[in-house]
Enquirer: 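Please see the structure below; I have some questions.
Positions are given from 1 along the sequence. The structure displayed is predicted, hence computed values, not measured ones.
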Amino acid sequence: MAKDLFPCQTSKMAMFIITISITLPLFLLFILAKVRKFRTRLPPAPPGLPIIGNLHQLDTSHLPNYLWQLSKAYGPVMSLRLGCVQTLVVSSAKMAKEVLKTKDVIFCSRPVLTGQQKITYGYKGLILTPYNDYWREMRKICTLHLFTTRRVLSFRADREEEVFLMIDRIKYQIDTSSSEVVVNLNETIMTLTSTIVCRMAFGKRLGQEMSRFHELLLECQAVLVNFYYRDHFPLMGWLDRLNGSMARLEKNFNDMDEFYQELVDEHLNPERPNKMQDDIVDILLQLKKDNSSLGLTFDHIKAIIMDIFLAGTETGASAVVWAMTLLVKNPKVLKRVQQEVKNVVGNKGKVSEDDLHKLDYLKAVIKESLRLYPVTPLLVPRETNKICVLNGYTIPKKTLVYVNAWAIGRDPECWENPEDFDPERFVDSRYDYKGMDLEFIPFGSGRRACPGMPLGATTMELILSNLVYAFDWKLPNGMKGEDVDTLASPGLVLHKKNALCLVADYDCKS
């Protein structure tokens with residue numbers, strides 16, 4: 001009998017040791033967190049649970065709106081504890097000014113997170129890289145060589161050609177169809193923005209590779225926002241391997257790396273045909289060759305390209321879809337913006353970038369849409385690089401910081417009738433995309449503002465102006481404006497959850 005019981009006792013002892021090895025460190029971390037809280041005056045926070053803190057309370061179906069509702073109870077500077085990570089949520093323009101402007105140098109770093117670190121080749125890019133000397137050097141490279149006014153203008157022909165091709169494809173569908181043509185704008189515009197960025201980055205359309213690239217990008221977004229135990233519970237990182245998260249991350253990284261390496265190899269091929277102008281890969285390869293002191297490697301180049309695609313394809317498409325959604329829900333505004341574009345462009349047939357500076361009301365429509373539906377509603381997360389005081393509260397070093405642009409755009413202290421779609425508020429207003437006025441920060445503000453802002457704004461204006469100029473848009477199946485939902489899908493970028501499908505028509509004689 002003793003021999004039979006021994007394995008059972010051993011098993012129980014092993015389970016006991018495993019349980020203690022997991023719970024004891026977590027308990028000690030919980031006690032340390034409590035001691036730290038008593039020593040510092042943190043901002044108000046909703047009550048959490050031992051060890052996990054507020055993690056269980058986060059509604060990830062629409063996190064920006066959920067945090068906004070919480071801020072109404074706990075204030076514009078709110079504290080959360082996500083496992084072992086002290087977190088700050090800023091939900092007013094006044095406090096955003098402190099974080100993004102007054103104390104920007106303290107709040108301008110980025111957190112080191114598992115998904116981001118892997119996808120960015122160990123933070124060799126720009127957007128997600130922590131604030132340090134390396135980041136400053138990369139920022140200089142991007143602003144001086146990739147996103148200058150001259151460089152943005154150099155890709156103008158590519159942007160216009162792709163937008164005009166999209167318009168012509170829709171017209172061809174109308175001309176050859178015996179019934180109403182319903183356009184899925186989510187798919188159409190996402191394909192367009194991806195193609196524009198591909199031409200600027202690689203100097204070519206991807207063709208049949210586009211579907212593969214879209215799948216890789218979608219998976220990349222998913223692994224970036226995935227929950228990793230090691231980010232919130234450092235002693236439990238082994239669970240990420242147990243549940244397959246790390247394997248999934250590794251696979252996506254390897255697939256993306258292989259894809260980018262193929263494109264880099266094409267640019268290095270001596271038999272590659274000469275081009276009239278350099279694309280972004282050409283520029284980066286030339287910098288690598290001419291400036292060996294910079295220490296650029298192929299991984300740096302691929303990391304920068306990753307940044308450009310993550311920031312340039314999803315956000316631009318999302319912004320145009322939300323603008324079109326709000327226009328079809330507000331037919332009078334749609335009619336007015338159409339009239340403005342037609343008055344400016346006349347019978348030219350297409351809207352060129354030369355026309356954009358005259359379209360004041362269209363610009364106001366885009367700004368109002370971005371106020372209500374900012375494409376990065378929590379901006380990109382920041383991290384404090386030292387202890388500081390904010391609004392009388394002590395903010396510890398390495399606090400994760402979310403600036404809730406969704407809440408700021410709906411702040412009644414900043415905006416009259418904030419829930420209404422009213423582009424008139426941006427006509428002849430002081431607000432621009434640079435983030436100097438913290439009530440309106442669609443591209444962020446301060447040191448970490450989006451360096452591709454001029455390119456993004458131009459692309460959005462070009463696409464939307466051509467859509468409203470070329471076609472009359474209406475809802476299918478007798479739908480009315482109030483039937484169009486504004487549900488958003490979870491993720492870094494605020495996408496419309498359900499596709500916007502509209503009937504397109506045009507006067508073929510005009």
Side-chain angles (χ1 to χ4, degrees), residues 36-37 40-45 54 63-64 67-68 70-71 74-82 84-113 116-117 120 123 125-140 142-143 224 231-232 307 311 374-409 411 414 433-451 453 492:
R36 186 182 184 188
K37 184 176 180 181
T40 59
R41 185 169 180 257
L42 295 173
N54 304 103
L63 186 57
L67 294 176
W68 177 41
L70 273 182
S71 73
Y74 295 96
V77 178
M78 179 175 65
S79 185
L80 297 173
R81 188 168 55 81
L82 308 180
C84 298
V85 181
Q86 189 60 50
T87 306
L88 180 74
V89 182
V90 176
S91 304
S92 76
K94 182 181 177 182
M95 290 297 100
K97 182 178 180 180
E98 288 290 305
V99 168
L100 304 179
K101 202 169 184 180
T102 307
K103 294 182 171 70
D104 184 32
V105 71
I106 298 174
F107 286 87
C108 67
S109 196
R110 299 287 193 215
V112 176
L113 300 172
Q116 297 179 4
Q117 189 169 27
T120 61
Y123 292 112
L126 177 69
I127 295 173
L128 300 173
T129 300
Y131 183 70
N132 50 33
D133 290 339
Y134 170 78
W135 175 84
R136 284 189 285 270
E137 193 62 43
M138 293 307 295
R139 173 84 178 192
K140 190 186 301 181
C142 289
T143 53
L224 275 174
D231 291 335
H232 300 276
D307 277 353
V375 290
T376 49
L378 292 177
L379 299 189
V380 182
R382 295 179 172 229
E383 185 181 81
T384 54
N385 51 41
K386 67 178 182 180
I387 191 170
C388 70
V389 176
L390 180 68
N391 200 35
Y393 300 108
T394 302
I395 310 301
K397 183 180 178 179
K398 289 196 170 295
T399 295
L400 181 67
V401 182
Y402 289 105
V403 178
N404 195 342
W406 173 275
I408 292 169
D411 188 348
C414 302
Y433 293 125
K434 296 177 181 178
M436 299 304 291
D437 297 290
L438 278 299
E439 299 92 342
F440 183 63
I441 47 174
F443 290 93
S445 181
R447 287 171 175 80
R448 302 310 293 247
C450 176
M453 174 180 55
L492 289 173

Enquirer: Measure the SG-NZ distance between C84 and K398 for me, rounded to the nearest 0.5 Å.
Expert: 14.0 Å
Enquirer: Is the side chain of R110 donor-acceptor paired with the backbone N or O of L128 at a distance under 3.5 Å, no angle test?
Expert: no
Enquirer: Any donor and acceptor pair, going by atom type alone, linking the side chain of N404 with main-chain N or O of V89 inside 3.5 Å?
Expert: no
Enquirer: I need the minimum non-hydrogen distance between L126 and P451, along with the two atoms involved.
Expert: CD2-CG, 3.7 Å
Enquirer: Please check: side-chain N/O of S79 versus main-chain N/O of Q86, any donor-acceptor pairing under 3.5 Å?
Expert: no
Enquirer: I need the minimum non-hydrogen distance between L379 and I441, along with the two atoms involved.
Expert: CD2-O, 3.6 Å
Enquirer: Could you label the plane-to-plane angle of the F443 and Y433 rings as parallel, tilted or perpendicular, counting under 30° as parallel and over 60° as perpendicular?
Expert: perpendicular
Enquirer: Has the side chain of N132 got a donor or acceptor atom that lies under 3.5 Å from a matching backbone atom of Y134?
Expert: yes
Enquirer: Give me the atom names and distance for the closest heavy-atom approach of L82 to H232.
Expert: O-ND1, 3.1 Å
Enquirer: Can you check whether W135's main-chain N or O pairs, donor with acceptor, with T129's side chain at less than 3.5 Å?
Expert: no
Enquirer: Kindly indicate whether the side chain of I127, heavy atoms from C-beta on, has any atom under 4.5 Å from the side chain of C450.
Expert: no
Enquirer: Of all the heavy-atom pairs spanning M436 and K101, show the shortest one and how long it is.
Expert: O-NZ, 3.4 Å
Enquirer: Distance check, rounded to the nearest 0.5 Å: L100 atom CG versus M95 atom CE?
Expert: 11.5 Å
Enquirer: Check D231 against V85 and note the closest heavy-atom contact, atom names and distance.
Expert: O-CG2, 3.3 Å
Enquirer: Might you point out which heavy atoms bring V112 and Q117 nearest each other, and give the distance in Å?
Expert: CG1-OE1, 3.8 Å
Enquirer: Are the side chain of N54 and the backbone of L80 linked by a donor-acceptor contact shorter than 3.5 Å?
Expert: no
Enquirer: Check whether any side-chain N or O of N385 sits under 3.5 Å from a backbone N or O of C108 as a donor-acceptor pair, and report yes or no.
Expert: no
Enquirer: Contact between L42 and R81 at the side-chain level, heavy atoms closer than 4.5 Å - yes or no?
Expert: no
